[in-house]
Engineer: 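Before anything else, here's the structure in question.
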Amino acid sequence: MADFALNPEMVDKVTPRLVKGNSTYKSVTDDVSRIVETKTPREWWIAFSLSVAVALMMVGMLAYLVAFGIGTWGNNSPVGWAWDITNFVWWIGIGHAGTLISAILFLFRQKWRTSINRAAEAMTLFAVAAAAQYPLFHTGRPWRAIYWLFPVPNTDLNMWQNYRSPLEWDVFAVSTYGTVSLLFWYVGLIPDLATLRDRASGVRAYIYGIFSLGWRGAARHWRHYEMAYMILAGLSTPLVLSVHTIVSFDFAVSILPGWHTTIFPPYFVAGAIFSGFAMVITLMTVARWALKLEHLITIKHLENMCKVILATGMIVGYAYGTEFFIAWYSGNPYELFTFVNRAFGPYWWAYWSMISCNVLVPQIFWFKKCRTSVPIMFIASIFINIGMWFERFVIIATSLHRDYLPGSWGYFKPTMVDICTFIGTMGLFMTLFLLFIRFLPVIAISEVKGVLAQEDQVAKHGHGAHH
Amino acid sequence: MPIFSKKHDLIARALAAFVAVGALSGIAAYTYFSHPKVIDVGYQPKQPVPYSHKLHAGDLGMDCRYCHNTVEKAAFAAIPPTETCMNCHAQVKPESPYLQPVRDSYATGKPVEWLKIHQLPDYVFFNHSAHVTAGVSCVSCHGRVDQMIEVKQVEPLSMGWCLECHRNPAANIRPAELVTNLAWQPDRDPAEIGREIIAQKKIAPPVNCSGCHR
Amino acid sequence: MSQQQIHGVAAAFNSPEALLHAAKEVRKQGFSKVEAYTPFPIHGIDDVLGIPPSRLGYFVIVGGLTGTTLALLLQWWTGAGDPNSIPAWTALVPYPLVIGGKPLFAFEPSIPITFELTVLLSAFTTVFGMIGLNKLPRFYHPVFNFKNSPRITDDQFVLVIENTDPKFDAHEATRLFQNLHADAVEMIEE
Amino acid sequence: MSLVQIETKALTGRKYWRSLNELSGTPAFREWMVNEFPGGAELLDGASRRNVLKLMAASFGLAGLAACRRPEGKIVPLSRGVEDLIPGKSYYYNTVFTQGGSAVGLTVEAHDGRPTKIEGNRNHPQSLGASNGYAQASVLNIYDPDRSAEVLKGGQVSSWAEWDQFASQKFTAGSLGRGAGLRIVSESVVSPSLSEVRKSLLAKYPEAKWVEYEPFSNENAIAGTRLVFGQPLQAHYHYDKADVVLSLDADFLGIDSGSPLSTKKFSKKRRSAKPEDEINRLYVVESQFSVTGAMADHRIRSKASDIDSFASALARELGILSELNVLGSADKVQKILMALVRDLKKNAGKSVVIAGPRQSARVHALALMINQALGNIGTTVTFTQPLASPEAKAFADLVGELNAGSVDTLVVLGSNPVFTAPVSLKFSDALKRAKTVVHLGAEKDETAVLSSWHLPLASYLESWGDARSVDGTVSIQQPLILPLNNGRSALELTAQIAGYKDQKGYEIVRNYWTSQWPAAEQEARFRKALHDGVLAGTAFAEVKVSADPKRVALPAATAKSTQVEVVFVPSWSVYDGRYTNNAWLQEAPDPMTKLVWDNAALISKATADKLKVVDGQILKITVGGQSLEIAAMVQPGQADDSITIAAGFGRKQIGRVGQGTGFNAFEIRVSGDAIQFASDVSNTGKTYQLVTTQEFHSMTEPKLMDAIEPKTRPIVREATVEEYRHHPDFAPHMVHAPDDSIYGWFDYSEGNQWGMTIDLNSCIGCNACIIACQSENNVPVIGKEEVSYGRSMHWIRLDRYYTGDAEDPQAVIQPLSCQQCEAAPCESVCPVAATTHTPEGLNDMTYNRCVGTRYCANNCPYKVRRFNFLNYHKEMVDIEKMVSNPNVSVRMRGVMEKCTYCVQRIQEAKIKAKVEGRRGELLKDGDITTACQQVCAADAIVFGNINDPESRVSQEKKQPRNYALLAEVNTRPRTTYLAKLRNPNPELVEHHG
């Protein structure tokens with residue numbers, strides 16, 4: 001192989017370089033650190049103020065909710081869950097792409113992940129933070145739920161949790177997921193925090209210094225570090241699959257027609273990846289432009305994500321079809337009615353919004369032109385985000401509003417509090433994300449350098465030249 | 001020059017240890033101090049009348065049921081009307097200044113406002129008659145009231161504490177006629193006596209939720 | 001500067017290849033207490049410096065199994081344990097309650113939480129194990145005295161022959177690094 | 001006898017809200033809040049805001065440890081003890097409840113001096129232990145914070161002393177002479193002691209007149225007996241002896257029955273213990289869909305004004321009338337008529353034909369003659385002397401006298417004629433011509449505001465009295481509490497006016513009765529009367545009559561009208577307006593329309609199409625020059641060109657609860673007739689929000705897709721008697737129930753095991769169980785707006801489904817409360833174990849553990865769990881809280897609640913058994929009755945120990961038509977249903993294939 005000493009241009013044609021331009025180690029460090037080190041731009045302040053305002057609206061709405069009760073939302077009997085759990089599942093789903101990119105693609109040695117994994121992991125965390133509002137605040141008495149849901153040893157009550165309940169599984173799954181994602185993200189950040197520390201002075205140096213734990217890049221440290229990173233990736237992979245599986249158990253374990261189905265775990269996981277990648281695209285297309293990181297987050301990265309969206313979108317579409325087929329094929333009349341009712345009942349608009357956004361829109365990614373056009377993929381990703389929200393709403397509300405006994409059927413309409421709380425969670429998410437891009441390296445500097453080193457080797461010695 | 005000196009490392013470690021120890025002891029303290037055993041046990045408010053249970057129930061040997069007469073019949077162990085006090089105190093110490101509120105109450109018809117010591121939450125439905133007829137003595141929950149000048153709470157009255165006995169009642173079961181004998185000391189193991197009575201009376205305390213919460 | 005106050009001799013290189021080359025040379029000279037400081041993990045450096053593979057995995061297995069055991073114990077004990085078998089002060093008195101006509105404990109519904117706790121404890125062991133094995137946090141380290149050390153996290157690849165090496169000789173080490181065309185060579189204080 | 005006086009002033013301070021619209025503060029902001037945040041506007045209420053702060057402090061604030069100690073509580077014993085009174089224990093007293101001239105004996109439960117729960121008196125012949133919704137809810141009335149509590153003189157606050165002063169001058173021979181200017185208007189007088197006092201009053205003022213007035217009376221029925229038998233009589237129908245019953249517009253199981261007795265008797269004959277049993281057959285001819293119509297085996301939808309023709313045709317076919325059949329051409333009706341004739345003839349002497357109170361005297365006479373012809377008189381139809389006979393004419397005469405200016409003093413006792421009087425009489429104008437108008441009433445109502453004196457009326461639970469039920473049986477009305485509103489009874493006021501020898505209610509009643517007894521027995525007999533709740537031997541003797549049809553002079557039949565008729569009926573919820581401020585009744589959905597907090601103009605689909613009106617649009621109905629704008633509602637089964645309006649809504653002078661509910665039917669009730677004709681009905685195009693508790697009304701799924709045929713779900717399972725005999729287990733076999741578990745089932749073979757059966761064949765859907773449950777279990781009232789979101793809180797609901805033809809359907813009703821599933825889906829999904837199972841098979845709901853995830857409700861296939869979306873109890877006025885049952889936790893916001901088979905009653909019975917030394921023994925039937933079971937006149941609900949093979953519930957569960965609802969979901973419910981049976985006339989059964 002060494003005979004085919006290829007020049008860099010040739011390499012670029014065969015496998016497009018993941019780091020564009022004349023990047024050096026130094027320039028990678030500079031490009032990424034510069035975002036944090038330069039004076040805060042006015043645009044950031046505007047965006048941040050707006051996000052904080054929206055996040056504060058969420059805080060206000062939640063305070064109002066806690067003060068007066070779930071009745072301030074539109075939930076009713078029979079629709080006991082509505083926007084609350086819809087939003088929860090939606091946000092948790094969005095979180096999945098981050099873990100997927102950082103863990104699964106890491107295990108598959110997909111080097112293209114390095115430019116986006118940091119931001120995607122951050123997105124996971126912030127999405128989980130937004131999602132986590134709901135399991136707590138959707139309860140009628142959150143001030144009790146906050147500690148009665150966890151197995152705290154207690155002598156005054158002698159009470160424990162019911163470990164048969166999927167909601168209790170959820171408590172464990174979501175808190176584990178949040179914790180492990182945070183750890184994973186933090187471990188990845190340590191060397192880069194050290195980079196920022198070494199470039200900073202004064203208080204900033206102390207702060208970055210404390211959080212980088214005194215990282216000094218010793219070979220003996222890298223050895224444990226790489227092992228830890230790989231184990232975390234290995235743990236996160238089944239974890240991320242389990243989280244949405246368990247979220248889907250909230251429905252699948254119930255006896256409600258439309259919920260009680262074995263297809264839910266894979267269907268939910270695929271949907272989560274689908275929506276997560278859509279959100280990564282939404283954020284990254286904006287971020288790479290705003291932060292001038294086009295040479296690090298390249299079209300190649302975006303195109304790969306579009307391919308993942310196309311694939312998972314088709315899995316999701318297939319699941320929609322299977323659900324309908326099984327409802328008919330099973331001969332369960334309640335099940336069949338539920339599905340016919342989804343498509344043609346009072347919530348038909350939600351169902352067809354879901355189908356259009358989730359099944360039809362991703363089909364454009366069959367075309368390379370669409371996969372490589374930033375505006376097109378941005379708009380498509382927004383549609384997919386909307387479609388996936390509708391998917392959860394369709395599953396939750398349409399199954400609940402007409403179940404077994406027609407005498408108990410009802411209809412759900414959201415209130416302003418529902419709507420404002422949801423918008424508020426977006427504010428929370430954006431606030432955290434803006435803080436992230438302002439104070440932390442948005443790209444995994446040391447990892448990109450690792451890739452750069454390998455590409456340099458390729459450039460110097462040709463494919464497979466080293467070793 | 002390095003950002004942190006050797007001294008910093010020491011400070012950091014000391015700080016970490018301090019925070020860890022502080023957090024742990026904080027949790028421990030909170031767990032301890034928020035427990036009903038600590039919060040409620042020992043509650044001894046000042047009553048409007050300096051009534052001594054020790055004098056009446058202990059020294060004079062009055063039966064609990066002379067005043068708390070509904071304890072075998074009802075959920076609630078009645079606090080006696082002023083009338084009951086005056087049955088004796090019309091003759092006994094009729095001039096005592098301590099009894100002024102009692103005499104006032106009797107004369108005006110306005111009740112004496114006693115402070116409640118043994119308080120259960122509204123969602124707990126405790127029934128005295130069910131316990132007393134089973135042979136659970138007053139002393140099991142209220143302690144040696146016959147030795148208290150002013151009554152105080154001696155047991156936590158927490159759910160865990162209730163359940164302890166509901167699950168394993170033998171130690172607290174005695175012949176029903178002895179329930180008000182607070183000083184009862186059997187010549188053999190009380191739990192053994194309890195077990196015999198349990199078998200004979202078929203005592204099976206509920207441990208399911210609606211046993212107490214309705 | 002006496003030998004005792006010296007941590008070692010540091011040299012900075014500008015590429016992983018140069019570092020690897022230098023490390024091989026240093027090892028060839030018989031130095032054993034050698035450490036490399038790099039902006040990213042360098043493939044092959046472990047072999048050159050004679051660093052054994054990480055033992056972290058074993059810790060994680062133990063941590064994970066602890067999670068599994070704890071989860072199963074928690075679910076079995078709190079739901080199906082005998083409340084009379086444990087004193088109240090432990091705060092661990094179980095409360096067996098009939099729920100949905102199902103058995104007090106069954107394996108099937110216990111799987112999700114068992115899995116989650118296994119992962120959670122594994123992850124904790126991994127991260128805190130890594131931090132512990134690396135003896136972090138350590139905010140001060142002699143290598144930070146090296147004037148090129150701030151660039152370790154940027155684009156410099158640093159090799160340090162430590163004072164504790166039986167063959168350590170500051171002058172010889174300095175000369176060796178200079179011969180290897182290091183960008184900078186410096187004796188660093190303890 | 002001990003009574004507890006409670007200071008009411010202190011208790012009425014806080015605000016009660018029915019709907020959030022009422023919470024008006026700064027108008028613009030508040031309006032925005034209400035529009036933008038439905039369900040949350042109480043944020044602005046001062047009291048609530050304080051609660052928020054408290055709550056915030058409690059939940060988020062880092063309160064010091066000292067603050068963790070529970071708040072200081074006080075024990076306030078009585079100063080002087082009350083003999084035999086054990087604090088905290090419930091006591092039961094017998095008394096009697098009167099409404100619209102019929103009296104029902106009751107047993108009232110009191111807690112520490114507060115009446116809290118009403119039950120029927122088992123000893124009373126009109127009750128036999130059951131009661132109805134009105135009686136159940138009447139206990140709430142005495143805690144109504146808006147109840148009149150002050151003497152008003154010319155609208156200004158006065159006092160009883162001032163009144164007494166006035167009365168002592170006014171009601172003297174010197175002032176009133178022979179009483180020529182004194183007129184008294186009262187409701188039907190069924191109280192013997194009041195009759196006695198009235199007698200003395202009329203003796204003192206011989207020229208005075210006493211007029212009894214009821215907006216809904218049985219005048220026509222009595223007029224019918226007068227026509228046929230020449231004397232006024234009260235008919236009694238013995239449905240328990242009748243195999244065939246024909247109702248001519250008589251809702252005798254529902255609104256037209258003053259007591260539970262007719263339901264008791266009817267259901268006795270309706271009950272089927274085994275497939276061979278014969279059950280009765282019910283034919284109903286009616287205009288609006290009544291609960292009686294829902295029970296019918298054959299229901300004929302007919303304009304109310306056309307029922308005369310039907311009755312005539314029937315009479316002709318039976319050879320009573322020689323007139324021509326004017327029934328007309330409707331083939332279906334003709335066919336049913338002929339089959340009915342044969343059926344009646346076949347069952348001569350074992351049938352009942354009953355006409356409804358809205359029908360004319362002629363229809364009543366025809367019905368009696370038919371009964372006579374069939375030989376029913378004396379067997380299934382008997383007579384006694386009538387009790388009271390309010391006559392519309394007497395009231396009209398009174399208005400004439402008022403207008404003539406000849407009335408000096410008008411005393412109105414306990415009714416509200418300004419609101420209920422026929423509008424053509426212009427009673428409110430006439431009233432003003434009397435010099436002095438004295439009104440004794442429970443509310444500051446429409447009559448009160450026009451009176452010179454308004455005096456607060458003491459409720460029947462607060463005052464002594466007595467009452468005769470329609471069969472003559474006398475009960476003593478025994479108070480449970482001193483008047484909370486400081487009111488007096490009609491009896492006492494009459495005694496005051498009459499200058500009667502006794503002035504206190506107790507003395508009047510006691511002396512009236514004891515004076516008739518030998519001195520030695522007086523005390524004992526009076527005590528016994530109080531204890532039993534009935535005075536033995538006071539029932540009227542049967543009057544044996546027989547009519548000669550030839551000598552009956554029937555009035556001419558009224559010609560059929562093509563005009564749209566308007567039928568006025570008393571409301572299921574508010575009766576004639578007396579319960580308009582009663583939140584329990586307002587929130588109980590109408591059994592057929594499921595409408596809450598409102599009435600509507602009920603019209604058929606065809607009529608709606610003709611008028612181009614849809615549900616919720618406002619119709620303008622003009623009758624005799626008077627018009628009313630009222631929301632329309634399409635009611636399946638309603639006769640075409642017939643509008644039914646429930647009266648009693650739309651009151652203007654009313655408390656907070658009733659404010660703005662519904663439309664006032666009395667505005668167009670021109671005369672006293674129940675059936676009138678509209679000169680014009682038009683759609684105004686305006687709309688109004690009508691709220692129902694049920695949105696979908698068929699067991700058949702809606703057709704959503706052409707390719708898929710909608711299925712009918714096996715929910716209420718029904719068969720004809722014939723089919724039942726061929727397939728006795730048709731009901732359980734309608735679905736395949738798996739009954740399988742991967743774990744094996746839990747063992748419930750030991751000890752008490754609670755279970756329930758609900759006989760769908762007996763249940764008439766009368767709502768009494770809903771209100772009994774509400775009263776027993778402290779179920780909150782949430783208001784129209786909250787119900788409109790679908791947050792109804794009733795623990796037991798009645799699902800009503802229509803089957804068959806969309807315009808002329810049959811209806812089935814299914815009571816649904818927690819089914820206490822052995823494999824409860826709700827339990828396994830609760831993360832905090834707040835809902836668990838007891839060893840006795842109860843599905844416990846531990847409110848204090850609940851964190852409110854609502855997962856249990858989502859996973860409940862029956863959707864019987866109720867969630868406190870807002871703090872429904874917190875906004876109750878303190879005095880209203882007195883109605884609460886102290887044995888049941890009041891649930892806070894954010895907590896799930898549901899039926900528990902009245903677990904407080906189960907526990908009470910178990911503790912009673914323990915105290916009595918019956919530990920470890922199984923409880924038997926009779927030890928425990930649930931509130932819904934106790935109130936049920938049809939005895940449709942049976943609760944008991946299913947481990948006791950002798951118990952009624954075990955017996956019922958052995959019936960082949962016993963089935964578990966949604967057994968296919970494998971929930972193993974403890975509540976099971978007995979399938980409904982219909983007994984159609986074999987001649988009319990259409991055989992398919």
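Keep in mind that the numbers below use all heavy atoms, side chains included, and drop hydrogens, waters and symmetry copies. The sequence lines fix the lettering, A, B, ..., with proteins before strands; numbering per chain opens at 1. Because the structure is a prediction, the values reported are computed rather than measured.
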Engineer: Counting only heavy atoms from other residues, nucleotides and ligands, does the tally under 6.0 Å from NZ of C/Lys135 exceed 12?
Structural biologist: no

Engineer: Could you tell me whether the side chain of A/Glu226 reaches within less than 4.5 Å of the side chain of C/Asp46, counting heavy atoms only?
Structural biologist: no

Engineer: Look up atom CG in C/Leu97 and atom CH2 in A/Trp160, then write down how far apart they are to the nearest 0.5 Å.
Structural biologist: 13.0 Å

Engineer: Determine the interplanar angle of the C/Phe157 and A/Tyr25 rings, folded into 0 to 90°, and report it as parallel if under 30°, tilted if 30 to 60°, perpendicular if over 60°.
Structural biologist: perpendicular

Engineer: Less than 4.5 Å to any heavy atom of chain C: does that hold for the side chain of A/Leu196, its backbone, both, or neither?
Structural biologist: neither

Engineer: On a heavy-atom basis, which atom in A/Asp198 and which in C/Pro150 lie closest, and how many Å separate them?
Structural biologist: CB-O, 3.3 Å

Engineer: Would you say C/Thr126 and A/Leu235 make side-chain contact, with heavy atoms under 4.5 Å?
Structural biologist: yes

Engineer: Below 4.5 Å, heavy-atom pairs only: which of A/Ala218, A/Ser175, A/Gly214 has the largest tally toward chain C?
Structural biologist: A/Ala218

Engineer: Mind checking the CD1-CZ spacing from C/Ile45 to A/Arg223? Nearest 0.5 Å is all I need.
Structural biologist: 13.0 Å

Engineer: C/Ala88 versus chain A, heavy atoms under 4.5 Å apart: side chain, backbone, both or neither?
Structural biologist: backbone

Engineer: For C/Pro16, which atoms come within 4.5 Å of any heavy atom of chain A: side chain, backbone, both, or neither?
Structural biologist: side chain

Engineer: Which answer fits C/Val48, side chain, backbone, both or neither, if we ask what part of it has an atom under 4.5 Å from a heavy atom of chain A?
Structural biologist: neither

Engineer: Between C/Glu116 and A/Trp169, is there a side-chain heavy-atom distance shorter than 4.5 Å?
Structural biologist: no

Engineer: Looking at every non-hydrogen atom in both residues, tell me the closest pair between C/Thr153 and A/Thr195 and how far apart they are.
Structural biologist: O-OG1, 3.1 Å

Engineer: Does anything in residues 78-85 of chain C get under 4.5 Å of chain A by heavy atoms, and if so which residues?
Structural biologist: C/Thr78

Engineer: Within a 6.0 Å radius of atom CZ on A/Arg34, are there more than 12 heavy atoms belonging to other residues, nucleotides or ligands?
Structural biologist: yes

Engineer: Once rounded to the nearest 0.5 Å, what's the spacing between atom NE2 of A/His224 and atom CG of C/Leu133?
Structural biologist: 4.5 Å

Engineer: Could you state the interatomic distance from CE (A/Met227) to CZ (C/Phe59), rounded to the nearest 0.5 Å?
Structural biologist: 12.0 Å

Engineer: If you compare all heavy atoms of A/Pro153 against all heavy atoms of C/Ala91, which two are closest, and at what distance to 0.1 Å?
Structural biologist: CB-O, 3.3 Å

Engineer: Report the C-alpha distance between A/Leu183 and C/Phe124 in whole Å, list the side-chain angles of each, state the deciding distance to 0.1 Å, and finish with yes or no for side chain to side chain contact (heavy atoms under 4.5 Å, CB included).
Structural biologist: CA-CA 8 Å; A/Leu183 291 173; C/Phe124 275 131; 3.9 Å; yes

Engineer: Checking heavy atoms, do the side chain of C/Phe139, its backbone, both or neither come under 4.5 Å from chain A?
Structural biologist: both

Engineer: Is the shortest side-chain heavy-atom distance between A/Arg216 and C/Arg138 below 4.5 Å?
Structural biologist: yes

Engineer: Supply the atom-to-atom distance C/Tyr37 OH to A/Arg220 CZ, rounded to the nearest 0.5 angstrom.
Structural biologist: 8.5 Å

Engineer: Among A/Asp30, A/Val180, A/Thr24, which has the most heavy-atom pairs under 4.5 Å with chain C?
Structural biologist: A/Val180

Engineer: Let's test your reading of the structure: which of C/Leu136, C/Leu49, C/Ile152 forms the most heavy-atom pairs below 4.5 Å with chain A?
Structural biologist: C/Leu136

Engineer: If I measure from the heavy atoms of chain A, does C/Ile131 come under 4.5 Å with its side chain, its backbone, both, or neither?
Structural biologist: side chain

Engineer: For residues 105-114 of chain C, tabulate all N or O donor-acceptor pairs below 3.5 Å that involve a side-chain atom, not counting sequence neighbours.
Structural biologist:
{"from": "C/Ser110", "atom 1": "OG", "to": "C/Ala106", "atom 2": "O", "distance (Å)": "2.7"}
{"from": "C/Thr114", "atom 1": "OG1", "to": "C/Gln75", "atom 2": "NE2", "distance (Å)": "3.3"}
{"from": "C/Thr114", "atom 1": "OG1", "to": "C/Ser110", "atom 2": "O", "distance (Å)": "2.5"}

Engineer: Should the pair A/Lys26-C/Asp154 be classified as a salt bridge under the 4.0 Å nitrogen-to-oxygen rule?
Structural biologist: yes

Engineer: For chain C, which candidate among A/Tyr229, A/Tyr186, A/Phe184, A/Trp215 shows the most heavy-atom pairs at distances under 4.5 Å?
Structural biologist: A/Trp215

Engineer: When only pairs under 4.5 Å are counted, which of C/Pro52, C/Pro53, C/Pro94 shares the most heavy-atom pairs with chain A?
Structural biologist: C/Pro52

Engineer: Find the one option among C/Gly57, C/Pro137, C/Pro41, C/Gly100 whose heavy-atom pairs under 4.5 Å with chain A are most numerous.
Structural biologist: C/Pro41

Engineer: Rounded to the nearest 0.5 Å, what separation is found between the CG atom of C/Leu117 and the CZ atom of A/Phe172?
Structural biologist: 5.0 Å

Engineer: For chain C, which residues of residues 240-256 of chain A have at least one non-hydrogen atom nearer than 4.5 Å to it?
Structural biologist: A/Ser242, A/Ile246, A/Phe249

Engineer: Looking only at heavy atoms, which of residues 176-183 of chain C get nearer than 4.5 Å to chain A?
Structural biologist: none

Engineer: Considering only heavy atoms, which portion of C/Pro87 lies under 4.5 Å from any heavy atom of chain A: side chain, backbone, both, or neither?
Structural biologist: neither

Engineer: Under 4.5 Å from any heavy atom of chain A, what part of C/Ser149 do you find: side chain, backbone, both or neither?
Structural biologist: backbone

Engineer: Sort C/Val93 into side chain, backbone, both or neither according to what part of it lies under 4.5 angstrom from a heavy atom of chain A.
Structural biologist: both

Engineer: How about A/Phe211: does its CZ atom have over 12 heavy atoms from other parts shown lying under 6.0 Å from it?
Structural biologist: no

Engineer: Are any of the side-chain heavy atoms of A/Thr179 and C/Leu120 separated by less than 4.5 Å?
Structural biologist: yes

Engineer: Side chain from CB out, backbone as N, CA, C, O: work out which of these in A/Pro166 comes under 4.5 Å of a heavy atom of chain C, or both, or neither.
Structural biologist: neither

Engineer: Select, from C/Arg151, C/Glu35, C/Met130, the one with the greatest count of heavy-atom pairs under 4.5 Å involving chain A.
Structural biologist: C/Glu35

Engineer: Heavy-atom distance under 4.5 Å to chain A: side chain of C/Val60, backbone, both or neither?
Structural biologist: side chain

